[in-house]
Amino acid sequence: MRLRHKPWAEDFINAHPEIVIPNPEEVKGKWDAEFKNEHPLHIEVGSGKGQFVTGMAKQNPNINYIGIELYDSVIVSALENAIAAQPLPNLRLLKVNGADLAKYFEKNDVDRVYLNFSDPWPKTRHAKRRLTHAEFLELYKSILVDHAEIHFKTDNRGLFEYSLTSMSAFGMLIKDVSLDLHVNMPEDNIMTEYEEKFSAKGQPIYRVEAKYV
């Protein structure tokens with residue numbers, strides 16, 4: 001995906017430290033204090049324009065949510081969505097690399113990880129960049145509570161099959177597999193921007209919940 005440069009994005013992001021945490025490494029292990037409650041914490045790695053994580057925060061006020069996105073030109077759209085949906089005291093954004101989660105979260109800080117429409121990195125030599133590679137699964141485990149779940153959605157069948165194999169090989173319990181989510185879509189399903197786009201074209205949406213055991 002080609003990113004369009006937005007020269008105003010950095011200043012806009014810096015003007016909203018109440019949503020985009022400016023120094024998240026300082027909050028590591030202190031997220032209850034940041035949210036001023038002890039509610040469960042769910043994170044979305046690769047939150048894009050933020051439609052999913054904002055929708056989840058609106059739908060579930062007793063769960064805290066953090067959307068994680070690296071690029072200014074993308075996270076600024078998530079910030080705009082978050083501002084439009086205010087008040088949402090249970091939503092924060094981090095402009096960081098998903099590969100560095102251990103810098104910002106300790107073991108037991110996070111209760112669930114969402115991965116939605118991640119880059120498939122189709123070439124074999126790029127397999128380690130896939131967010132469901134074993135090294136990422138180990139990373140998530142290092143910040144999650146015991147027996148936590150990863151919820152994964154994609155339109156890419158190859159990535160989905162790879163992810164099922166990777167999670168199984170890691171020893172995770174595979175549950176609630178859907179090969180076409182929108183055939184019997186759950187009433188509480190929050191769609192991402194990509195999900196709306198691909199499902200409108202008639203493409204199946206693949207989804208799985210996988211649990212650490």
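What's counted below: heavy atoms across the whole structure, side chains too, no hydrogens, waters or symmetry copies.
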Excluding sequence neighbours, so at least two apart, what forms ring pair (Phe, Tyr, Trp, His ring centres under 6.0 Å) with F152?
-> none
Going from CG on N81 to NZ on K58, what distance comes out if it is rounded to the nearest 0.5 angstrom?
-> 9.0 Å
Mind checking the CG-CG spacing from D111 to N64? Nearest 0.5 Å is all I need.
-> 9.5 Å
Solution key, residues 160-169 side-chain donor-acceptor pairs under 3.5 Å, sequence neighbours excluded:
from : atom 1 : to   : atom 2 : distance (Å)
E161 : OE2    : R157 : NE     : 3.0
S163 : OG     : T132 : OG1    : 2.7
S163 : OG     : L159 : O      : 2.7
T165 : OG1    : E161 : O      : 3.1
S166 : OG     : T132 : O      : 2.6
S168 : OG     : L164 : O      : 2.9

Shortest non-hydrogen contact between P17 and N14, atoms and distance = CD-O, 3.6 Å
Y114 and I68: same hydrophobic cluster, using ILVMFWY side-chain contacts below 4.5 Å?
-> no
Verify, without hydrogens or angle tests, whether R112 (side chain) and H42 (backbone) share a donor-acceptor contact under 3.5 angstrom.
-> no
Taking atom NZ of K107 as the centre, does the number of heavy atoms from other residues, nucleotides or ligands within less than 6.0 Å exceed 12?
-> yes
Give a yes or no on whether the backbone of A57 and the side-chain of N90 come within a donor-acceptor separation of less than 3.5 Å.
-> yes
So, for E69 and G48, which heavy atoms are closest and what is the spacing to 0.1 Å?
-> OE1-N, 2.9 Å
Please list all pairs passing the side chain to side chain donor-acceptor pair (under 3.5 Å) test where one or both residues lie in residues 44-55, with sequence neighbours left out.
-> E44-N116, Q51-E196
May I have all residue pairs that pass ring pair (Phe, Tyr, Trp, His ring centres under 6.0 Å) and include part of residues 122-143, sequence neighbours excluded?
-> W121-H126
Who pairs with K211 by salt bridge (Lys or Arg N to Asp or Glu O under 4.0 Å), at least two apart in sequence or on another chain?
-> none
Evaluate the salt bridge (charged side-chain N to carboxylate O under 4.0 Å, His left out) criterion for residues D72 and K95: first the C-alpha distance (whole Å), next the side-chain angles of each, then the deciding distance (0.1 Å), finally the verdict.
-> CA-CA 7 Å; D72 284 2; K95 191 178 79 68; 3.2 Å; yes
Side chains of P24 and V96: closer than 4.5 Å at any heavy-atom pair?
-> yes
In terms of hydrophobic clusters joined by side-chain contacts under 4.5 Å, are V45 and V20 together?
-> no
Tell me yes or no: between the side chains of Y104 and D109, is some donor less than 3.5 Å from an acceptor?
-> no
Scanning both residues in full, the closest heavy-atom pair of H39 with P61 reads ND1-O, 4.1 Å
Can you find a pair of side-chain heavy atoms, one from V76 and one from V74, that are under 4.5 Å apart?
-> no
Can you run down the ring pair (Phe, Tyr, Trp, His ring centres under 6.0 Å) pairs that involve residues 81-100, sequence neighbours left out, and say none if there aren't any?
-> none
Scan residues 20-35 for pairs that pass side chain to side chain donor-acceptor pair (under 3.5 Å), counting only residues two or more places apart or in two chains.
-> E34-R92
Does the side chain of Y206 reach to within under 4.5 Å of the side chain of L181, using non-hydrogen atoms?
-> no
Applying the 4.5 Å side-chain criterion to the ILVMFWY set and letting contacts propagate, would V113 and L93 be lumped into a single cluster?
-> no
K6 (side chain) donor-acceptor with S73 (main chain) under 3.5 angstrom = yes
Any link between I66 and L131 through a network of hydrophobic side chains (Ile, Leu, Val, Met, Phe, Trp, Tyr) touching at under 4.5 Å?
-> yes
Closest non-hydrogen atom pair, F105 against I43 | CZ-CG2, 4.1 Å
Mind checking whether I150 and L115 have side chains closer than 4.5 Å, heavy atoms only?
-> yes
Check P204 against D180 and note the closest heavy-atom contact, atom names and distance.
-> CA-OD1, 3.7 Å
Across all chains, not counting sequence neighbours, the salt bridge (Lys or Arg N to Asp or Glu O under 4.0 Å) partners of E209 are R207
Pick one: which of E149, M172, H147 meets side-chain contact (heavy atoms from CB on, under 4.5 Å) with Y212?
-> M172
Determine, using the 4.5 Å side-chain heavy-atom cutoff (strictly less than), whether V53 and L70 are members of one ILVMFWY cluster.
-> no
Over all atoms of both residues, closest heavy-atom pair of A82 and I19 = CB-CG2, 4.1 Å
Not counting sequence neighbours, which residues clear salt bridge (Lys or Arg N to Asp or Glu O under 4.0 Å) with D155? List them please.
-> none
To the nearest 0.5 Å, tell me how far L101 CG sits from E106 CD.
-> 13.5 Å
Inspect the surroundings of CD in E10 and state if more than 12 heavy atoms from other residues, nucleotides or ligands are less than 6.0 Å away.
-> no
Who pairs with F35 by ring pair (Phe, Tyr, Trp, His ring centres under 6.0 Å), at least two apart in sequence or on another chain?
-> none
To which residues is V213 joined in a hydrophobic cluster, defined by side-chain heavy-atom contacts under 4.5 Å among Ile, Leu, Val, Met, Phe, Trp and Tyr, whether direct or through other members?
-> L173
CD1 of I83 to CG of L88, rounded to nearest 0.5 Å, is 11.5 Å
Report, as yes or no, whether the 6.0 Å neighbourhood of atom CD on E38 holds more than 12 heavy atoms from other residues, nucleotides or ligands.
-> no
side-chain contact (heavy atoms from CB on, under 4.5 Å) assessment of F170 paired with E138 = CA-CA 9 Å; F170 198 82; E138 185 65 46; 3.3 Å; yes
In plain terms, say whether D146 and K141 are close enough for a salt bridge, that is, a side-chain N and a carboxylate O under 4.0 Å apart.
-> no
What donor-acceptor contacts under 3.5 angstrom involve side-chain atoms of residues 185-192, with partners at least two apart or in another chain?
from : atom 1 : to   : atom 2 : distance (Å)
N189 : OD1    : K153 : NZ     : 2.7
N189 : ND2    : E195 : OE2    : 3.1
T192 : OG1    : Y194 : N      : 3.3
T192 : OG1    : E195 : N      : 3.0

